[in-house]
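Each remark here refers to the structure printed beneath this line.
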Amino acid sequence: MAAAKVTASAAAPATRVSAVFRSNQELTRLARSGQLAAARRLFEEMPRRNVVSYNAMLSALARHGPLADARRLFDEMPRRNVISWNVMITACSHHGHVTDARELFDAMPARDDFSWTLMVSCYTRAGELGLAREVLDRMPGEKCAACYNAMISGYAKNGRFDDAVTLLHEMPVPDLVSWNSVLAGLTRNEGMSRSVQFFNEMPEKDLVSWNLMLEGYAGRMNEARELFDRMPERNVVAWNAMLAGYVHLSHMEEAYKLFTEMPDQNSISWTTMVSGYVHAGKLQEAKDVLNKMPFDSVTAKTALMHGYLRSRRIDDARKLFDGLAVRDAVCWNTMISGYVQCGMLDEAMVLFQQMLNKDMVSWNTMIAGYALYGQMPLQHFMHMRRDSKRADWSTYACCFSACANLAALHVGRQFHSLVVRSGHISGSFSGNALISFYAKCGRILEARQVFDEMERHDIVSWNALIVGYASNGNGADAILVFRKMEANDIRPDEVTLVGVLSACSHAGLIDEGLHFFNSMTKLYSLKPVAEHYACMVDLLGRAGKLREAFELVQGMQMEPNAGVWGALLGACRVHKNHELAQLAAEKLFQLEPRKTSNYVLLSNISAEAGNWNEAEKVRFLIKERNVHKPPGLAGST
DNA sequence: TATGCGTAGT
């Protein structure tokens, strides 16, 4: 043995190096495609490993395994280079472990442009824009464009367009990616009128810019088509955006026509078709498309699995799941949630325990499932959560939000006592979730008690209490808390104002509401967003001032969203304004073509107005557009 | 060879 080793190393170091090289390539491939088990096996079997082997294995674990495993490998590595550190930071960032990411960033011996960019995007992803900006500003020398872009898209995603544009102009050479980041924020959050304006002002445009605009027109196919025809060139992404538009409207004939006309279809085009048929309730067609699909795609199979599960065809779904070569978190969660919705909690639990990379959705699904069926093996969950100790606050937060959404007061109380015993109450995360939980369950006094017992209050704590009072119809107390918050020198944010405005609305404080709304910008330098307009429409609507409400909507700087039209529609119902209801409903159907409650509301308004023809027409629309009731309420189908 | 994901699935 020893002799053979000596000969090998003396004979041809070059071949040995290339063997490691080849193994590394294979390892990288397995890591990329998510074949974690195979990657592990190869890594274990490799007679020699270099830093690249370790990095490849680390990135496989970072992307597809539990964070703890990645960390263990990172700590065991004989040698690390800057990429090892960067991969580890990425892993922490993806799992929401921002503090760990920062500790690594501070500890690393040398940083490259990548590291700085990673840290900025880690913070923006967590909504910590201030900290992200500090990192960007601290970056020595000439800052790279990617780092600026991470910050710009962080601002844009959070609706801070002025900051995004300001930073864009501070860049030595703003590239197209920077412009496109802002445009992406606009098309996804602000509606199209502002996007069009920005798009026209862009110094140059590429395919990404055009495609973002197309994506923004989703469901408004006349406008989309017009833009599509105007494009100087089209790639598969553009075609896919058009396809998604038709699919979004459940116009599957048109989608299919487009699909056959496309110059080339990629895996996303096929997946879009599969999911389109699934949402249209056409499972056979979905299955046919999937079978013809020349790519192996977890995403497409997950879509069909979802369809089966919605029709309670558990065995068909499970067969698909078992046949998957690569399983990511989404497909696990889909299968687990399918079991939960069918009341098969034991099966759900078995899968949940087998799942390696559980995320928030997995935990939420299981906890909500047990809460739904009135059981909750609390200790069991807490034991299981040991594998990622540091995320304990998030477990509690997610328990509380599950309980709150289900109004599971009793179970939530049990969690509360567990939190107290485990000492996690001091952190504001679980405390804030607890406030919201009690408030959502209508126990505002208990919410208040939690708030009073907390050591420190951040903006979220104050907001939770204000919104809590408001949603429980106690507008006066909400405003009292708001005044106290101001007295404590805490600067209100957008959420605070949503709470305050809805408090005024619930309490019938019209003048106060108008005052807060009109002085938002001046007093708190907050620009009203769609949610604030929705509150004001609600406020004016409740007071019977429908005309003022409608004028407010027409004067909006941004595209009114579904919340705004929904508030108007609700007000129309109370005050029996049939014409305006019709208009608001039309807008809602465009924005949320699949939401049953909108159709039902309009149908009811028409019926109450004695307009039976109209009511019948709306019911027909529901059938024609294949609008589905949400799963769980669907009964036996 | 390894790292900041334009479009798809919970």
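Keep in mind it's a predicted model, so treat the numbers as computed, not measured.
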Between [options], which nucleotide has the shortest distance from any of its atoms to the side chain of [X]?
X        : options              : answer
A:Thr272 : B:dT7, B:dT3, B:dA8  : B:dA8
A:Glu215 : B:dT7, B:dA8, B:dT10 : B:dT7
A:Asn211 : B:dG6, B:dG9, B:dT3  : B:dG6
A:Asn333 : B:dT10, B:dG6, B:dT3 : B:dT10
A:His279 : B:dT3, B:dT7, B:dT10 : B:dT10
A:Val52  : B:dT1, B:dT7, B:dG9  : B:dT1

Quickly work out the [X] [atom1] to [N] [atom2] distance and round it to whole Å.
X        : N      : atom1 : atom2 : result
A:Asn81  : B:dT1  : CG    : C1'   : 12 Å
A:Lys157 : B:dG6  : NZ    : C1'   : 11 Å
A:Arg111 : B:dT3  : CZ    : C1'   : 16 Å
A:Arg310 : B:dT10 : CZ    : C1'   : 13 Å
A:Phe199 : B:dG6  : CZ    : C1'   : 14 Å
A:Leu324 : B:dT10 : CG    : C1'   : 13 Å
A:Trp239 : B:dA8  : CH2   : C1'   : 18 Å
A:His306 : B:dG9  : NE2   : P     : 10 Å

Heavy atoms under 4.0 Å, any strand shown: does [X] hit a base, just sugar-phosphate, or nothing?
X        : result
A:Ser121 : nothing
A:Thr271 : base
A:Leu207 : base
A:Thr90  : sugar-phosphate
A:Leu212 : nothing
A:Val330 : base

*Using atom types as modelled and distance alone, determine if a side-chain donor or acceptor of A:Ser178 lies under 3.5 Å from a backbone N or O of A:Pro174.*
no

*Please state whether the base of B:dG6 and the side chain of A:Asn180 form at least one donor-acceptor pair under 3.5 Å?*
no

*Stepwise, does the side chain to side chain donor-acceptor pair (under 3.5 Å) test hold for A:Gln284 with A:Asp288?*
CA-CA 6 Å; A:Gln284 187 57 48; A:Asp288 292 342; 3.1 Å; yes

*Hey, is A:Asp296 close enough to A:Lys301 for a salt bridge, meaning N to O under 4.0 Å?*
yes

*What distance, rounded to whole Å, do you find between the two C1' atoms, one in B:dC5 and one in B:dG9?*
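Straight-line distance between the two C1' atoms is 15 Å.
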
*Sequence neighbours excluded - ring-ring contact (aromatic ring centres under 6.0 Å, His included) pairs with any residue from residues 57-79 of chain A*: A:Phe74-A:Trp85

*Does A:Tyr256 have any ring-ring contact (aromatic ring centres under 6.0 Å, His included) partners at least two apart in sequence or in another chain, and if so, which?*
none

*asked:* Would you call the rings of A:Trp210 and A:Phe199 parallel, tilted or perpendicular, taking 30° and 60° as the class edges?
replied: perpendicular

*Phosphate OP1/OP2 of B:dT3 contacted by A:Arg63 side-chain N/O (<4.0 Å)*: yes

